[in-house]
Amino acid sequence: MLVSVVVLAYGDEPWLVESVQSALASEGVDVEVVVVDNGAQESVAAIRGLDPRITIVSPGKNTGFAGGVNLGVAHSRGEIICMLNSDAHVAPDCIALLTAKVVEQDGIAGALILLNDEPDTINSAGNPLHILGLSWAGMMGLPRTQAPAEGSFASASGACMALTRSHWDRMGGFPEEYFAYHEDLDLSWRTRQLGLPVTVLADAACWHHYEYGRTRIKNYLLERNRLLFLMTCHEGRTLAALALPLLALEIAMLALAVAQGWAGQKIKGWAWLITHPGTIARRRRTVQAARRLPDAALVPYLVTRFTAPQEEMPAAGRVLERILQGYWRLARVAIEAGHRPHS
């Protein structure tokens with residue numbers, strides 16, 4: 001069974017060769033590697049002619065993570081699609097384990113993402129989804145031994161995940177409106193809306209040269225895409241139930257953006273959403289028409305506690321979090337009541 005490993009390259013890529021070679025060294029599966037050159041000509045030159053199983057696709061512009069993966073898949077031949085970050089490398093059996101899982105149960109299988117500098121420490125064992133649309137690397141900083149054998153989070157990490165080509169085609173790939181960030185959450189959540197599993201395998205190891213940082217464009221995309229995800233993936237009843245805390249979070253985020261100097265990016269995100277109603281409406285119709293499960297069936301995957309180790313929450317934030325948890329208990333009842341069968 002041929003597995004197509006899609007790797008994106010952009011800018012300086014010091015670990016691209018390591019990433020590609022680790023995929024090519026996979027055991028138990030036949031592998032091809034499709035590298036999408038989003039603007040990393042010098043780095044990509046190092047892998048030209050390295051192995052006949054490598055295909056290089058050059059769109060001539062930065063297509064973002066979402067568009068780049070879509071393009072890479074379009075130039076691939078495998079029955080299984082595997083995404084691999086250009087700054088990550090996999091164990092020899094990782095891709096075979098992910099392949100066996102998606103062949104067995106369809107859906108998505110994610111690798112256990114470990115920190116390259118601390119090889120036995122978790123980077124992501126699956127990503128949680130907060131009720132207000134925030135998502136982060138789950139279990140980060142914990143010992144590898146604490147990861148469940150088969151974890152079940154809202155989302156697998158796009159750093160290394162696999163799915164069948166038939167499932168990829170059924171999902172329509174990544175929504176290119178996202179450009180970057182939240183697209184792995186969108187794909188995972190829509191998979192759950194179909195009643196299919198999103199599983200992270202502790203034995204499927206992938207090591208990531210992880211560096212946490214914030215830039216203006218990243219802040220813009222994270223905030224815009226968080227709202228785009230909520231507006232297109234949640235049912236109207238859910239959005240109505242969460243309207244008050246969502247509004248409160250927008251005010252808090254704007255205050256934070258002002259304090260940190262990226263208010264313009266936050267406002268730019270709102271402007272994009274306001275000026276693209278047709279895009280949002282079409283995307284929402286597509287997502288809602290495809291789903292098989294209501295939000296009421298998916299609320300167990302939503303969390304109310306923000307546990308990202310990279311972002312320390314002030315004491316006042318924890319007080320507000322407890323208030324939110326009480327609010328969510330009531331909101332959840334309203335969401336679930338809307339789908340309770342009548343006697």
Side-chain angles (χ1 to χ4, degrees), residues 4 6-8 10 34 36 38 57 59 61-76 81-85 107-108 110 127 129-130 132-136 153-196 198 217-236 238-239 246 265 268-293 295 298 301:
S4 297
V6 179
V7 181
L8 267 64
Y10 175 74
V34 180
V36 180
N38 264 353
V57 180
K61 62 178 182 179
N62 182 9
T63 58
F65 188 82
V69 172
N70 288 350
L71 184 62
V73 172
H75 284 79
S76 69
I81 307 299
C82 180
M83 294 157 230
L84 178 62
N85 266 21
I108 291 174
N127 299 340
L129 174 59
H130 193 273
L132 301 182
L134 301 164
S135 187
W136 57 92
F153 279 81
S155 170
S157 170
C160 186
M161 66 160 64
L163 64 165
T164 63
R165 181 176 295 274
S166 60
H167 183 52
W168 174 267
D169 291 342
R170 173 171 53 201
M171 302 303 289
F174 283 141
E176 296 192 12
E177 296 88 350
Y178 282 74
F179 191 78
Y181 306 113
H182 262 59
E183 65 285 300
D184 50 357
L185 171 62
D186 177 279
L187 187 70
S188 294
W189 195 249
R190 288 188 293 123
T191 295
R192 289 208 175 278
Q193 288 177 335
L194 293 178
L196 296 175
V198 177
I217 184 62
K218 183 174 181 178
N219 285 330
Y220 160 68
L221 288 170
L222 282 172
E223 275 299 284
R224 187 201 67 167
N225 291 353
R226 174 179 66 86
L227 295 173
L228 179 59
F229 170 82
L230 291 170
M231 294 168 70
T232 56
C233 287
H234 281 354
E235 293 174 323
T238 305
L239 291 174
L246 281 171
Q265 302 305 308
K268 181 182 175 183
W270 287 339
W272 188 95
L273 296 167
I274 292 169
T275 56
H276 290 78
T279 299
I280 296 170
R282 285 190 296 271
R283 180 69 191 162
R284 178 172 176 79
R285 285 195 297 269
T286 298
V287 173
Q288 297 303 318
R291 69 186 303 156
R292 297 175 186 168
L293 295 181
D295 285 349
L298 300 175
Y301 295 105

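Throughout, residue positions are numbered sequentially from 1 according to the sequence presented. Here the structure is a predicted model, which is why all the values come from computation and not from measurement.
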Does any non-hydrogen side-chain atom of [Y] lie less than 4.5 Å from one of [X]?
X	Y	answer
Phe229	Leu129	yes
Arg291	Glu235	yes
Cys160	Met83	no
Arg170	Leu194	yes
Val287	His234	no
Trp270	Glu223	no
Tyr178	Leu185	no

Whether the side chain of [X] engages the backbone of [Y] through a donor-acceptor N/O pair (distance < 3.5 Å, no angle test) should be reported.
X	Y	value
His167	Leu163	no
Asn62	Tyr10	no
Glu183	Tyr181	yes
Ser188	Ser155	no
Asp184	Gly158	yes
Asn225	Ala180	yes

Which atoms form the tightest heavy-atom contact between [X] and [Y], and what is the distance?
X	Y	result
Thr232	Gln288	O-NE2, 3.0 Å
Val6	Val69	CG1-CA, 4.1 Å
Ile280	Leu228	CG1-CD1, 4.0 Å
Val36	Pro59	CG1-CD, 4.1 Å
Ser76	Ile81	OG-CD1, 3.9 Å
Ala66	Glu176	CB-CA, 4.1 Å

### Message
Suppose we call two aromatic rings close when their centres sit under 6.0 Å apart. Are Phe174 and Trp168 close by that rule?
### Response
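Here the rings of Trp168 and Phe174 have centres that are less than 6.0 Å from each other.
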### Query
Thinking salt bridges, do Asp295 and Arg192 make one under a 4.0 Å N-O criterion?
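Looking at Asp295 and Arg192, the cut-off is not met.
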### Message
Salt bridge check, Arg190 against Asp186: does any charged N sit closer than 4.0 Å to a carboxylate O?
### Response
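Salt bridge between Asp186 and Arg190, a charged N being under 4.0 Å from a carboxylate O: yes.
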### Task
Kindly determine whether Trp189 and Leu298 satisfy side-chain contact (heavy atoms from CB on, under 4.5 Å), including the steps that lead there.
CA-CA 9 Å; Trp189 195 249; Leu298 300 175; 3.7 Å; yes
### Task
Test His182 against Ser135 for side chain to side chain donor-acceptor pair (under 3.5 Å), laying out the working first.
CA-CA 8 Å; His182 262 59; Ser135 187; 5.8 Å; no
From [atom1] ([X]) to [atom2] ([Y]), nearest 0.5 Å:
X	Y	atom1	atom2	result
Met161	Asn85	CE	CG	10.5 Å
His276	Arg283	NE2	CZ	15.0 Å
Leu273	Leu227	CG	CG	5.5 Å

### Task
Show your working on side chain to side chain donor-acceptor pair (under 3.5 Å) between Thr63 and Asn38 and close with a plain yes or no.
CA-CA 6 Å; Thr63 58; Asn38 264 353; 2.8 Å; yes
### Query
Given the rule in the side-chain contact (heavy atoms from CB on, under 4.5 Å) test, do Arg284 and Cys233 qualify, once you have shown the distances and angles that lead to the verdict?
CA-CA 7 Å; Arg284 178 172 176 79; Cys233 287; over 6 Å; no
### Query
Given Phe153 and Val198, is the side-chain contact (heavy atoms from CB on, under 4.5 Å) satisfied, shown in steps?
CA-CA 7 Å; Phe153 279 81; Val198 177; over 6 Å; no
